[in-house]
Structure formats: C-alpha cells, structure tokens
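As the structure is a prediction and not an experimental result, all values here were calculated from the model.
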Amino acid sequence: MKISLSYWVERTLTALIPLLLTCHTLLFYGFLGNAVFYVLLALFFAAYIIMGWKNGLLLACSLLMATILVNLGLGLIKIDDRIYYREHERFTVYNSDTGMGGYRKNVDVMIRMPFGDIYAVGGEKDIEIEPRTMRFKTDALGFRNNEGYKGQKYVLVGDSFVLGSGNSQEDTLQSQLKESYGIDAYSLAYPGGIPEYVKLILYFQKKYGNDFKVLLFVFEGNDFPDSFSRRHFAKKSRLKTLSEGYRHFFRETVLYRYTYSIAARRSNKSFTARALTIKGHKAADFREYAAVSERESYRLPETVMSIFPPVRDRIEGIFFIPTKFRVYYPFLAAGNQKPLPNAQWEAVKALSERWHIPCTDLTGPLIAESERLLKEDKFTYWKDDSHWNRYGIAVAAKVVSGLISPGR
C-alpha cells in the first residue's frame, strides 16, 4: 500500500500537539541538560509521528499527569526541608525585575544549617563542623533585608559575603552597621560577579532614582575569573527575557528543585577543598579560591572595566574581600612560606584609579582580628565554610563605618 506524502505531513503536524505537552513535562526535570532535553524531544517527536497523534496524545497526557502528581506528592511530604543544607539553594528563584536570580519575596524563617559549603561540596570531611541555627528574612523585592527600601542613603552591593550566607539575620553586614554604628544601609546583594553587580545598580537606579550611594564589595575568590562569558554583557531581547521567565516557572517547582539537587550533588566537581591546619584547628577553604590567591598576576578585561561609566558616580567606594586562605595564610602550620602575591587587589586598584573610585582592602584588618581571636580559639571565617562569620562581618562593618558617616 502506497502512503502519500500528505499522509506523513499530516502525521508530522498533528504530532506537534503531544510534543508540546511533552516539552512542558520535561521542563519539570532538573537533571536534564539542554542537549539531553532536545534529544529526548526529537525521540518523542519521532515516536508520536509513528504512533499517530491520538496514541501520542494519550501518552503525553499520561506522562504530564504523572509528573504533576509526583510534584504534588513531593510538596506534601515537604521534600524541600530535606534536600537543602542552607538558605541559598532553598529560596533562590528567578527575579523577573532584574532578569537574574534572586530570593523568594517576604520570607521569614529559622533554618537549621548542619554544616558549611566546604563540607557539603568540597569533598573534605576531616574538618571541624560548625552547625548553626539562623534566621533568614527577605523583603518585598526578594533581597535579604529586615524591611523594604525606605530611602536609605547607602546601598550594599556584592555577593554571598555581603548578604551574609550562612549567617543569621542579626549578624549580616547591614544589621551590624545599623546596630553598632547607626548606619542604616539597604542590601542589594546576591551571588554573581562584577557585571551582575553593575546590572543591579542600574536596576535600582531605574526603580528609585539617583538619591543613593553604593558600597560595592568584590570577593577575591570568584569575582576575578580567568575570563568572563559574553552572556554577562549581552543585552537580552524581550523574547529571550520572556522565555527565561517562563522556564523559571518550572525551575521553581518542587520536582525540578529536587531532581536538580540530586544531579548537582553527583556532578559538582568544580570545587574541591584544601585542608588548612590553623593553630591546631582543622579548617578548609576551596582549593580554587586558594589558587586565585596564589596568582602571580591578574588584569580585569576591558569588557569589565568599560561597564562602569553609567554607575561610577553612584559608587562611594569599593571594598576588597579576601579569601579565607589569604586571611589565615600567616597562621598555617606549614612552616616558612613565601608571601602571597596581591594580583586581585592590584586589579581593584587599577579599576579604582581608572574611574576615580576610592577602594579599601579588608585583608589587613581581617588578619589582625583573626590573630587576636585565635588566642580565644575563635575565627573570622567559618571553619567548614568559605564565608566569613559574624566576627569577620564585624571587621568589615567597622572599616565601613570609619569611612562613611551615619545617615538615613
């Protein structure tokens, strides 16, 4: 029996209906990379053409309904409470206002954090664990603040150090600035890099006007990569923005977050721990961060240097946050060591000089306070985490307070 071309054209076109449903079904699964996603779509498409649209539609509907039921079931057993060891992954969502990641809005919870990020993903288990209970609170914009923006003069911009990852709300930088020095600052911090910080400043400027000053914090460990992706500087089309927002709807479902979490734990090989023995204490930092501190030279690419003109008059100062490895380098039980180079700090100074923005290195004050606290067996950074703790944040708050005056 001869089958006409129109027959296959019709079957191909009608196969698009179950394919559309299957596309949405696959978006629920966080372990599917783009390549696997499109390969599966192609295979399903071929299957639907062969089996016909009615059988294909039945299969597609069944897969979608089963996926939705699994998603609801995971929500009912509160799987979110079991798969995350800290606040960042648990509350990260897509922020359509900034076109970047952000936190869920109006969150106010107490979180039991059993260990830090180095213990979780660094592969080093022979370190001292520091479990803690922390309060995590966000405002109506999805940033970590006790309340929304109310015209504060100073806005804090930076990554997880500035928002206080692994620390309770009362120990964050903006909380300590207000409590100890009467400086009421607003935190616009979220993990990213220098291009993302500039985007956040522009977003805030567009939303609230020009009546604020930015205190910009850059972290030595990951704000100075070997290269910056073009996506950091490409302007997104309206269609791409809508597409990303649509996909993030699925990424915020329980099933996606659960399957993504499992895949990330098994495939995350990008960070490994470097053990640090400090005055008899077993701590660690990420090996990749330590390697950055050991660089002999570094220059920010021109693509990064050139994005500052629209915001340079907005930035009151740049603050350099060193890695834990750099801060505790003088106290390591490793014998005589040559001094560490200062490649990243030199890059910050070059940025400062080019755009006439004051810059401050927090390394010296952090080393001095770390030496003092070691006599009491206390640290400025968590021993099982790459981030500073409330003592380290207190150092930054003190330095900042000495450079700006208390205000609204």
4.5 Å side-chain heavy-atom contact, Lys206 and Asp97: no
Pair Arg354 + Glu302, salt bridge at N-O below 4.0 Å: yes
Heavy-atom side-chain proximity of Asn145 to Gln152 below 4.5 angstrom: no
salt_bridge(Lys349, Glu346) N-O dist < 4.0 Å: yes
Residue Trp53 excluded, over 12 heavy atoms near CH2 under 6.0 Å: no
Close side-chain approach of Val292 and Gln344, heavy atoms under 4.5 Å: yes
Minimum heavy-atom distance Asp285-Ser386, with the two atoms named: OD1-CB, 3.8 Å
Ile278 and Leu332: CA distance, side-chain angles, deciding distance, side chain to side chain contact (heavy atoms under 4.5 Å, CB included) verdict: CA-CA 5 Å; Ile278 306 166; Leu332 296 180; 3.8 Å; yes
Side-chain heavy-atom pair Phe44, Thr25 within 4.5 angstrom cut-off: no
Heavy-atom donor-acceptor pair, Lys324 side chain to Lys383 backbone, under 3.5 Å: yes
Nearest heavy-atom neighbours spanning Pro191 and Asp159: CA-CB, 3.9 Å
Expected output: side-chain Asn167 to main-chain Thr172 donor-acceptor under 3.5 Å: no
Candidate pair Thr98 and Leu200, rule side chain to side chain contact (heavy atoms under 4.5 Å, CB included), full reasoning: CA-CA 7 Å; Thr98 62; Leu200 283 173; 4.0 Å; yes
Nearest-0.5 Å distance, OG1 of residue Thr138 to CG of residue Asn106: 6.0 Å
Closest approach of Ser175 to Gln169 (non-hydrogen atoms, all atoms of both residues): OG-O, 2.7 Å
Phe249, CZ: over 12 other non-hydrogen atoms inside 6.0 angstrom: no
Tyr119 ring center within less than 6.0 Å of Tyr85 ring center: no
Leu16 and Phe45, any side-chain heavy atoms less than 4.5 Å apart: yes
Minimum-distance pair of heavy atoms, taken over all atoms of Ser293 and Leu340: O-CD2, 4.0 Å
Parallel, tilted or perpendicular: rings of Phe161 and Trp388 (30°, 60°): perpendicular
For the student: nearest non-hydrogen atoms of Gly30 and Tyr260, plus distance: O-CD1, 3.4 Å
Residues, nucleotides or ligands: over 12 heavy atoms within 6.0 Å of Lys279 NZ: no
Verdict with supporting geometry, Arg372 and Glu376, salt bridge (charged side-chain N to carboxylate O under 4.0 Å, His left out): CA-CA 8 Å; Arg372 187 187 74 81; Glu376 306 173 20; 3.3 Å; yes
Proximity of Tyr103 and Tyr190 rings by center, below 6.0 Å: yes
Ser370 side chain near Tyr328 side chain, heavy-atom distance below 4.5 Å: yes
Ser168 (side chain) donor-acceptor with Arg135 (main chain) under 3.5 angstrom: yes
Heavy-atom donor-acceptor pair, Ser352 side chain to Ile357 backbone, under 3.5 Å: yes
Heavy-atom check, side chain of Val36 versus side chain of Phe31, under 4.5 Å: no
Pairing of Asp184 and Lys153 as salt bridge, 4.0 angstrom limit: no
Pairwise side-chain contact, Tyr197 with Val214, heavy-atom cut-off 4.5 Å (strictly under): no
Geometric cation-pi criterion Arg132 and Trp382, 6.0 Å radius, 45° cone: yes
Exam field: side chain Glu369 to backbone Tyr391, donor-acceptor pair closer than 3.5 Å: no
Reported CG-to-NZ distance for the pair Asp108 and Lys137, which is rounded to 0.5 angstrom: 5.0 Å
Check: Phe143 ring centroid to Tyr149 ring centroid under 6.0 Å: no
Close aromatic pair by centroid cut-off 6.0 Å: Phe250 and Tyr256: no
Between Phe212 and Tyr186, ring centroids under 6.0 Å: no
Phe219/Tyr289 aromatic ring centres below 6.0 Å: yes
Distance in Å, Ile194 CD1 paired with Met305 CE, rounded so as to fall on 0.5 Å steps: 9.5 Å
Arg104 atom CZ, neighbour heavy-atom count above 12 within 6.0 Å: yes
Residue Glu179 excluded, over 12 heavy atoms near CD under 6.0 Å: no
Electrostatic pair Glu196:Lys199 at N-O distance under 4.0 angstrom: no
Heavy-atom pair with the smallest gap, counting every atom of Leu300 and Ala347: CD1-O, 4.1 Å
